[in-house]
Amino acid sequence: MTKERLVVIGNGMAGIRTVEELLARAPDRYAITVFGAEPHPNYNRIMLSPVLAGEKTFDQIVLNDRAWYEDHGITLHTGERVETVDRAARTVTAVSGRSVAYDTLLIATGSDPFILPVPGRDLPGVVGFRDLADVEAMLATAKPGAHAVVIGGGLLGLEAANGLRVHGMEVTVVHLMATLMERQLDEAAGWLLQRELEGRGIRVLTGATTEAILGSDGVRAVKLADGRELPADLVVMAVGIRPNTALGRAAGLTVNRGIVVDDGMVTSDPAVFAVGECVEHRGQTYGLVAPLWDMARVCADRLAGVAGSAYTGTVTATRLKVTGVEVFSAGTFSAEGTEDIVLRDAARGVYKRVVLKDDRVVGAVLYGDTADGSRFFQLMKDGEDVAAVRDSLIFGQGAGAGARDPFAAVAALPDTAEICGCNGVCKGTIVTAIREKGCASVDDVRTHTKASASCGTCTGLVESLLALTLGDGYVAETGAKPMCKCTHHTHDDVRRLIVARGLKSIPEVMQTLEWTTPEGCASCRPALNYYLLCAWPGEYADDGQSRFVNERVHANIQKDGTFSVVPRMWGGLTNPRELRAIADVADKFAIPTIKVTGGQRIDLLGAKKEDLPAIWADLNAAGMVSGHAYGKALRTVKTCVGSEWCRFGTQASMAMGVKLEQMTWGTWTPHKFKMAVSGCPRNCAEATIKDLGVIAVDSGWEIHVGGNGGIKVRVTDLLCKVETEEELLEYTGAFLQLYREEARYLERTAPWIERVGIDHVRDRLFDAASRKSLHARFLHSQVFMQDDPWAERAAAAVDAHEFRPLANLTRYAAAAE
Amino acid sequence: MNAINAPSWIAVGRVADIPARGARVVRAPGGDIAVFRTGTDEVFALRDRCPHGAGPLSNGIVHGRSVTCPLHGMVFDLESGRTAGPDACTATSVPVRVVDGVIQIANPAFAEAAGA
């Protein structure tokens, strides 16, 4: 039986969500073809703001990568805008000339930014804020000190303004109305928001009308109706969106503001469905994400042959995605016959307003503390009578009963309550996933339900649900814990914010992120030092006083306060000259113990601290450099003798080990990093318990990652097989950089991979562009790292204070006797 | 008072010779002394041997008015030498003062005799 042909025009959130819902209902019914005008796979459009602000990468907002389309047998044509629909012949034709026939057509063309019809609107430098191309255009212009004018002080405009400000631009928001986000916020909240943004250095002009955009080759300034001219290198038009109906109109479908659909998401042609921001349903058009999910469900039901499923409209709520600004809004706050309950706490910057009508919640505006947003929204959607709880309503769930129980609010929510607004996941779905699918962590829940997978603001709610459902069986994840007692931020948050806010020193991080101790502790200081070093290569000045003694003095402290010294032996190879120098050093400095290490190096134990520079000088003179056996750093590359000597060897593992070590030595990593290269699958170098292990096979090299021979032995995962040396080096650099950028401080690769999943690593490394970019960042960081720290201290007397006593008072011993 | 001829305070160096949030060692008759400089330029001195595992405190990370021992991570108060928590112990303090940017410690021989 041949499958019915479903063609989807639009590779965005609405279209692909419908396909996902359809696959869940009738996986084999349709042969599906998707056309996308953008060159990318399906991504989370509402997360463009964090991408602009540098808080997320594009990779992190991809919803379905190309492999997903392949896995589901979907034909994907990206970068191909559909130009015509022939409803009589039932074909669509793309700009490329490609023509595809359909039995059923789904239009999900979304919306376009509304561009004000002012002179100069077509000048280069005028962009909307709608897709990745817009973000890229903004980032290309975003230089510290350059001027940006954002026209429109609504949700999108403010997120754009914040993102550009984060990049150091001088940003002015031009807003027609008297207060910001006037459709979602009342005057008080709008003012608080304006004050917050002004505090961040964003200039806000309200009641301002744009008259023209000035410039010749490109935008130069924005002219307001009152005659003021605002200098501008970039103009972002964010005054609104309008449904993209051009295709529907050209195809002869009924179109008003949007493509008109009935409750089954069917257009005026029964063979053509439409969903998302391009549609008009019961006279309404939508510009938020929640309605898309509702439409996608109904549309999928209908496509799968479930009759009777009907879309009846969506009540929407809004959250602003600007880090550090908590704004929630839902429903109405200016209707007739309503009453207000208001709470203000100026010291905390909190403003809450709940709007009631006939004892039912009809609207809510929350600023500064949005924890109760979901609850008010649910009360509003349910139309519940709140007369009985009216007295304490504004204080949140459990108020008045002593300390607030964080679980009470979540426990009280009905199963239909929406937990994840981005992905439209309700409480019941999550609880079912925990009970029936055995989800035991936030990540499990994310994988199964997508809850908290997008903006992440509902992570706390998901954790509460896990705790409630599993009781004592739930062990809160370390990831959600603060870095240390000096802060409430997690490791991941701190790393993200260092990059997003351009924090470049430890004091700046502590000030901006509100550390609760004046200068941190022995736990957070080394972590911050590493995160800054990784984020700003060549720019951040390493803070020795924030390093553990081993990394400060480049040797390993022993139980008696002496140190051990391990010179580097590339790939575990040495020669008579090096061995003589080591023997001479051992004699000269009375080294009590010499030991061969597990990483194929020679360890000189029991060296006195003040002797270290002289020891290093002697080792340097024989051509040896620091082995970094003391650091959270690239330690060793262990090798077997390989095809150079071994009867069984298939590749030159020693030479490859040396190459790998020469590329990677000197790098600082979240925890120690060990490698090995085996010349054949007999694996004499024990590569499968290394952070990165290479095993030679006849046709090339296998790369294994995430192994560990420590307390908890973990065998590596096979990452992939490569054929050439260049590929091997590129994968190694990229893997190291991914680990450097994403793992938490003191997290080895094994627990890191257990946490994020090997598939995540594969996703980042198998995409050629992503891999090359990681590798390039690694090589860039190495430019500043491959100076021998021993030579600096031995010859150039760096940090001499570390090795010399401040004073010697032993002569007073005589006087005392 | 057999140390009567030796000065009671001995200059060991300048505050600027110690990095902020760092420490240096002074060799002394009764054993090494760790001299600490905090982020706010306060100066303290402890015997460079933690009472828990003989850890050289001069190698620890200095934060606020505390130092974390490099061997097992115990946190010592720089002024009192005490640790907090269940296995509390006390490192030996050495009297120290700063005069015109010069660090002086109490005559170590005297301090040792007094501490004994």
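Every chain is numbered from 1 and lettered A, B, ... according to where its sequence line falls, protein lines coming before strand lines.
Around the CZ atom of Arg49(B), the shell of radius 6.0 Å holds no more than 12 heavy atoms that belong to other residues, nucleotides or ligands. Residue Lys504(A) places its NZ atom among more than 12 non-hydrogen atoms of other residues, nucleotides or ligands, all under 6.0 Å distant. Within 6.0 Å of atom CZ in Arg82(B), 12 or fewer heavy atoms from other residues, nucleotides or ligands are found, so the atom counts as exposed in its surroundings.
For chain A, the option among Gly13(B), Gly53(B), Pro19(B) with the highest count of heavy-atom pairs below 4.5 Å is Pro19(B). Note on Gly60(B), Ser66(B), Gly73(B), Ser58(B): by heavy-atom pairs under 4.5 Å with chain A, the leading option is Gly60(B). Of the listed residues (Ile103(B), Val35(B), Ile61(B)), the one with the most heavy-atom contacts under 4.5 Å to chain A is Ile61(B).
Smallest separation of non-hydrogen atoms from Gly561(A) and Pro56(B): CA-CG, 3.9 Å.
A heavy-atom distance below 4.5 Å is found between the side chains of Leu809(A) and Ile105(B). No side-chain heavy atom of Val25(B) sits under 4.5 Å from any side-chain heavy atom of Glu610(A). Looking only at side-chain heavy atoms (C-beta outward), Cys521(A) and Val75(B) stay at 4.5 Å or farther from each other.
Of the atoms belonging to Leu806(A), heavy atoms from both backbone and side chain fall under 4.5 Å from chain B. For chain B, the nearby part of Gln558(A) is the backbone; its heavy atoms alone come within less than 4.5 Å. For Phe803(A), no part lies under 4.5 angstrom from a heavy atom of chain B.
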(Q) Working note: Thr40(B) + Glu519(A), criterion side-chain contact (heavy atoms from CB on, under 4.5 Å); need CA distance, chi angles, decisive distance, verdict. (A) CA-CA 10 Å; Thr40(B) 55; Glu519(A) 48 190 31; 5.7 Å; no

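Without hydrogens or angle criteria, Arg24(B) side chain to His801(A) main chain gives a donor-acceptor distance under 3.5 Å. A donor-acceptor distance shorter than 3.5 angstrom exists from the side chain of Arg552(A) to the backbone of Asn59(B), with no hydrogens or angles considered. Judged by distance alone, with hydrogens and angles left aside, the side-chain atoms of Arg525(A) form a donor-acceptor pair with the main-chain N or O of Val62(B) at under 3.5 Å.
The NE2 atom of His63(B) lies 9.0 Å from the SG atom of Cys524(A); values are rounded to the nearest 0.5 Å.
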